[in-house]
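Reckoned from all heavy atoms, side chains included, excluding hydrogens, waters and symmetry mates. Residue indices begin at 1 and follow the sequence shown. We count ligands from 1, going down the list as the structure has it; atoms in each ligand are counted the same way.
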Amino acid sequence: MNMMNFLKTRKSTREFKDKPLTESDYKKIEDIIADINFKAQQHLIKMKLYEYGKNIYKNLKGVAGYSGVMIESPHYIALENETSKRESVIYSGYFMEKVITELNNLGIGTCWISLSNVDSELKEQVFGEDSSKVNYLLAIGYPKPKSPFAQEPFSERIGVEEMVYINNLDKNASISELENRGLGDLFFYVRFAPSTLNKQPWRFILHDDYVELLLVDDGDINYIDAGIIMYYFEELAKIQGINNKWELVLEKTEHKNEKYILIGRYKI
Ligand SMILES: Cc1cc2nc3c(=O)[nH]c(=O)nc-3n(C[C@H](O)[C@H](O)[C@H](O)COP(=O)(O)O)c2cc1C
């Protein structure tokens, strides 16, 4: 699916069919994960596919997920990273969204699950030895069909003007300005990226020949959200014929009593 359509229509899947993936889809996921693990190992990231989800769900119910609301799915992907290294956390978001995009192309639904309330003893019990670095799960499976009459829950997104600034954080961008620069679609669609608790902590500052990405530092910053938007930004930029990569900066900055982390720069 085209990346713009995917972003506009993408939603976390929280209800899955009670049936395993077909052997052929399962095999494709194994290949996707092998490929990602090869690329992500330099950032100390590792993903592992768990075929039998029932036990994982039973053991993590009431503990994992927002307020202990564990998501039930036939299979899970566990994500290991190095929380003491910001780069590892950032690229975890980046590579997991790459997996999510590829699974979506196979008709497979996904939902991130936070494991911050799961202690290492329980992790070891569920995922085996040396699993203290498993920090997230991705629930995966075929989505349950939705009733055409049911009101779908919708996660609100902030407006482009609230998220994008010109030259510095004093001046909000206008849609027409972004369109004149050929970046209207990119900033419109990138907003649909997912984030922890749907906080959408991203802010962009557009300069003449580069874009800066900042995260609002509310005291509970999650660097994984930076990697998520970096991935979608790069993919949307490719549609505009720009093939660059984000370069990390990781500096603190402040503006009008608000704290931010300057995550990186992207040449346009
Ligand atoms: C790093 C991360 C962790 C998340 N953890 C959970 C979780 O534990 N439980 C859950 O139901 N959703 C979780 N989510 C899903 C987000 O709440 C969801 O993506 C966001 O609210 C936007 O909604 P949407 O994905 O339907 O567009 C997580 C998302 C991210 C990016």
Between Tyr76 and Tyr57, does the ring-ring contact (aromatic ring centres under 6.0 Å, His included) criterion hold? Intermediate values first, please.
CA-CA 9 Å; Tyr76 295 92; Tyr57 174 70; 7.8 Å; no

Between [X] and [Y], does any side-chain donor sit less than 3.5 Å from a side-chain acceptor?
X	Y	result
Asn81	Tyr91	no
Asp225	Ser195	no
Glu179	Ser176	no
Tyr210	Arg265	no
Asp170	His255	yes
Glu247	Tyr266	no

How far is [atom] from the closest protein heavy atom, and which atom is that?
atom	value
atom 26 (O) of ligand 1	Ser12 N, 3.0 Å
atom 29 (C) of ligand 1	Trp112 CB, 3.6 Å
atom 11 (O) of ligand 1	Arg14 NE, 2.8 Å
atom 8 (O) of ligand 1	Ser114 N, 2.9 Å

Residue selection (non-hydrogen contact nearest atom 17 (O) of ligand 1) among Phe192, Tyr66, Tyr223, Tyr136
Tyr66

Heavy atom to atom 21 (O) of ligand 1, shortest distance: which of Asn198, Asn135, Leu115, Asp225 holds it?
Asn198

Proximity of Ala64 to ligand 1 by residue part, where a heavy atom lies under 4.0 Å:
neither

Ligand 1 contacted by Arg10 (non-hydrogen, < 4.0 Å):
yes

Check whether any heavy atom of Lys199 sits under 4.0 Å from an atom of ligand 1.
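Distance cut 4.0 Å: Lys199 fails for ligand 1.
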
For [X], the ligand 1 atoms whose distance to one of its heavy atoms is below 4.0 Å:
X	answer
Pro194	19 (O)
Ile224	1 (C)
Ile71	11 (O)
Gly65	8 (O)
Arg157	22 (C), 27 (O)
Ile113	7 (C), 8 (O)
Ile228	31 (C)

Does the separation of the ring centres of Phe6 and Tyr189 fall below 6.0 angstrom?
no

Audit row: Lys54, Asp18, salt bridge (charged side-chain N to carboxylate O under 4.0 Å, His left out) steps and yes/no:
CA-CA 10 Å; Lys54 287 243 178 318; Asp18 185 17; 3.4 Å; yes

ring-ring contact (aromatic ring centres under 6.0 Å, His included) between His75 and Tyr26, worked out:
CA-CA 10 Å; His75 318 280; Tyr26 195 82; 5.4 Å; yes

With respect to Ser155, determine whether any N or O atom, backbone or side chain, lies less than 3.5 Å from an N or O atom of ligand 1.
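Yes; the residue has a nitrogen or oxygen that sits under 3.5 Å from a nitrogen or oxygen of the ligand.
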
Test your reading of the structure: does Asn222 have an N or O sitting under 3.5 Å from an N or O of ligand 1?
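Such a contact does not occur with ligand 1.
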
Just checking, Arg191 and Phe187: is the charged tip under 6.0 Å from the six-membered ring centre and within 45° of the axis?
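Judged by the rule (NZ or CZ under 6.0 Å from the ring centre, within 45° of its axis), Arg191 is not positioned above Phe187.
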
